[in-house]
Amino acid sequence: MSAVTLTNIVKKFGGFTAVHRMSMDIPDGSFVTLLGPSGCGKTTTLRMIAGLIDPSEGDITIKGQRINDVPIHKRNLGLVFQNYALFPHKTIAENVAFGLKYRDISKADAEKKVKDALELVQLPHVSDRYPKQLSGGQQQRIALARAIVIEPDVLLLDEPLSALDANLREDMRVELKRIQHRIGITTVFVTHDQSEALAMSDRIVVMSNGRVEQIGSPEEVYNTPASEFVSRFLGISNILPATCKEVNGSGLALELADFGRVTVPKERAPNVGEAGPAQLVIRAEKLLLADKTAPLDDRIALDGVVEAVDYQGQAARYFVRVGGHQLQAVNMIDQRPFQEGTAVSVRFRPRDCAALPGAAA
Amino acid sequence: MGWNLIRIYTLLVYLFMFLPVAVVVLLSFNASQFGSFPMTGFSFRWFVELAQNEAILRAFQTSIVLGALTAVISTTLGVLASLALVRYEVPGRNLISTLLIAPILVPEVVLAVALLLFLNFLAINKSFFLLLMGHVIFTLPFVILVVQARLVGIRRDYEEAALSLGASPVQAFFQITLPLLAPAVFAGMLFAFTISFDDITGTLFWKPGGVETVPTQIFAMLRNSISPEINALGTVMIFLTVGLPLLGLAIARRMAMQRGG
Ligand SMILES: Nc1ncnc2c1ncn2[C@@H]1O[C@H](COP(=O)(O)OP(=O)(O)OP(=O)(O)O)[C@@H](O)[C@H]1O
Ligand SMILES: [Mg+2]
């Protein structure tokens with residue numbers, strides 16, 4: 001069953017349309033991430049689900065019930081903000097217990113629930129402190145405890161990790177996922193950080209300019225991008241203009257300058273149906289640089305020259321020229337990275353590639 | 001050299017401003033019959049006499065009741081107005097904001113006469129209630145300025161979090177916004193009280209016959225003679241109008257610190 005559905009949601013601010021005809025289904029118990037660049041409408045969408053802003057058009061249902069006209073305090077949602085928003089004048093226990101006051105729960109039960117929630121976020125000993133006496137990471141855990149203690153139908157999180165520093169963010173990511181898994185709560189998570197989205201989500205909704213670009217599992221959106229935007233936004237991609245010569249049982253035969261013919265598996269190009277202009281997508285980490293003398297395997301090998309090297313520790317990012325194309329490759333460093341100006345063999349497997357419809361020529 | 005000149009100049013300005021006040025305070029402890037130099041001895045005599053003066057006691061009572069009512073009404077209205085102006089998209093909010101602040105900008109006499117003429121026009125008689133309304137209009141801008149400044153600094157997240165947890169908008173206001181706003185509400189209340197307590201121009205125009213506040217009482221007494229009692233009364237007034245806001249600000253600051261700013 002769907003926990004949340006959006007049907008043709010539009011949000012206009014004056015003449016500006018922040019969200020365009022957005023539809024999606026959020027299955028019960030799943031972790032769904034709204035991912036996209038700044039200003040693409042993620043927060044707006046989340047706030048419409050929360051009831052903090054009204055959609056201009058379209059329907060929102062939670063557990064099968066249309067809730068467009070239900071005010072926020074009757075929606076039974078858990079909301080977690082980027083800046084935690086813990087009530088500064090209340091203790092941690094009072095903060096966590098806040099939502100229980102408005103529910104029919106006996107005092108003893110409420111105390112037990114607060115205790116359990118604090119244990120769930122692994123901070124059982126801070127209940128008498130005030131928010132400002134906690135670190136950022138601890139405050140965010142308390143904010144999470146406060147949101148889940150009311151057993152909401154949906155948990156909504158707007159960039160909850162972005163105020164934390166990098167190390168803590170990774171820990172909290174794991175922690176958040178653990179808690180979500182443990183209580184099995186339907187979660188909508190907003191972020192512009194692709195690694196966060198890829199690591200945590202069951203499903204990713206990639207958005208741009210108020211529109212849904214693609215909805216799919218992390219592997220799907222990463223490996224089979226539905227649009228040029230998605231392939232550029234997630235990871236580093238080489239997107240090369242090509243011509244689709246034919247579509248047959250074995251896949252799509254693409255032809256492009258300096259590469260010759262590359263046959264991409266059909267399932268990696270769901271949006272290319274027929275011959276015509278197309279684009280070949282090769283992920284930077286699927287493009288392997290090798291010594292010219294290295295033995296060949298099942299990869300296509302092209303001649304290239306390293307133009308620039310961006311050393312990153314265990315990996316290096318290369319800019320290589322292959323004929324008329326400048327390509328990017330991210331390779332683990334085996335012994336020493338290739339130096340600028342080195343002539344190399346540039347290799348990839350056609351089955352690691354994806355294809356997109358070409359620019360309307 | 002230049003700096004020294006400026007220093008001396010500044011000192012002179014301060015002397016000019018505060019010496020008269022100091023003289024009043026000093027003379028209020030003078031044992032002499034006359035409210036002037038030379039001092040003949042130190043005594044609390046005039047304060048005792050003050051405490052036995054029926055008219056002054058009545059004026060004090062009036063001023064305190066008037067100030068307290070002004071403070072309560074003005075603060076309530078001020079908080080509501082600030083909420084509307086900061087939290088809701090009221091059409092014409094800049095205009096309303098300007099209008100509410102305007103009484104500070106208009107000279108008090110003009111405001112006083114205008115209100116009086118307006119009442120005349122409506123054929124309403126002067127009464128304590130109208131005096132009170134006058135003071136409310138006059139103190140409201142101060143409350144709004146103080147409360148608005150704080151409200152802008154209270155992030156909306158807090159209220160939104162409370163709503164999402166099931167509090168109705170009214171509950172969220174009393175549980176979250178008002179406590180966070182408390183230092184400003186308190187400061188605004190003190191401002192309103194002090195300004196009302198201290199006001200003479202408007203009060204002279206608006207007060208019904210027979211009602212005197214402390215300032216108008218002093219004014220009336222001055223017309224007859226300069227009695228040393230007035231020095232004592234002045235000292236009490238200085239103590240109240242300077243001491244109260246200072247005390248209030250100290251408390252407000254402490255509250256703000258406790259509540260995590
Ligand atoms: N109240 C508003 N009035 C006018 N425009 C708005 C309002 N709220 C949002 N917008 C606009 O709508 C667009 C989407 O905003 P939104 O906050 O949803 O972006 P976002 O995807 O959350 O971005 P970010 O990653 O920066 O938080 C932006 O262009 C923004 O300027
Ligand atoms: Mg946002």
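In this text, all values refer to a predicted model and were calculated from it rather than measured experimentally. Chain A is the first sequence line, chain B the second, and so forth, proteins listed ahead of strands; every chain is numbered from 1.
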Non-hydrogen atoms of A:Leu79 and B:Glu160 that approach each other most closely:
CD2-O, 4.5 Å
Examine whether an atom of A:Leu86 lies under 4.5 Å from a heavy atom of chain B, and if so say whether it belongs to the side chain, the backbone or both; otherwise answer neither.
backbone
Under 6.0 Å from the CZ atom of B:Phe239, do we count more than 12 heavy atoms belonging to anything else shown?
no
Between NZ on residue A:Lys90 and CG on residue B:Leu180, distance to nearest 0.5 Å
9.5 Å
Taking the side chain as every heavy atom from C-beta outward, state whether B:Asp157 and A:Gln82 have any pair of such atoms under 4.5 Å apart.
no
Among B:Ala161, B:Ala162, B:Ala167, which residue forms the greatest number of heavy-atom pairs with chain A at distances under 4.5 Å?
B:Ala167
Closest heavy-atom pair, A:His73 versus B:Ser168, reported as atoms and distance to 0.1 Å, is CD2-CA, 3.7 Å
Less than 4.5 Å apart, side chain to side chain, heavy atoms only: is that true for B:Tyr158 and A:Pro88?
yes
For the student: nearest non-hydrogen atoms of A:Phe98 and B:Leu165, plus distance:
CD2-CD1, 3.7 Å
More than 12 non-hydrogen atoms from neighbouring residues, nucleotides or ligands closer than 6.0 Å to CD on A:Gln133, yes or no?
yes
For residues B:Gln175 and A:Lys101, is any side-chain donor paired with an opposing acceptor at under 3.5 Å?
yes
At a heavy-atom separation under 4.5 Å, does A:Asn76 approach chain B through its side chain, its backbone, both, or neither?
neither
What part of A:Arg146 gets within 4.5 angstrom of chain B, counting heavy atoms only: side chain, backbone, both, or neither?
both
Neighbour count >12 (heavy atoms, 6.0 Å) for atom CZ, B:Phe191
no
Interatomic spacing from CG in A:Leu52 to CZ in B:Arg156 - rounded to 0.5 Å
9.0 Å
Would you check if A:Leu77 and B:Ser164 make a side-chain contact, meaning some heavy-atom pair closer than 4.5 Å?
no
Give, as side chain, backbone, both or neither, the part of A:Ile72 having an atom under 4.5 angstrom from any heavy atom of chain B.
both
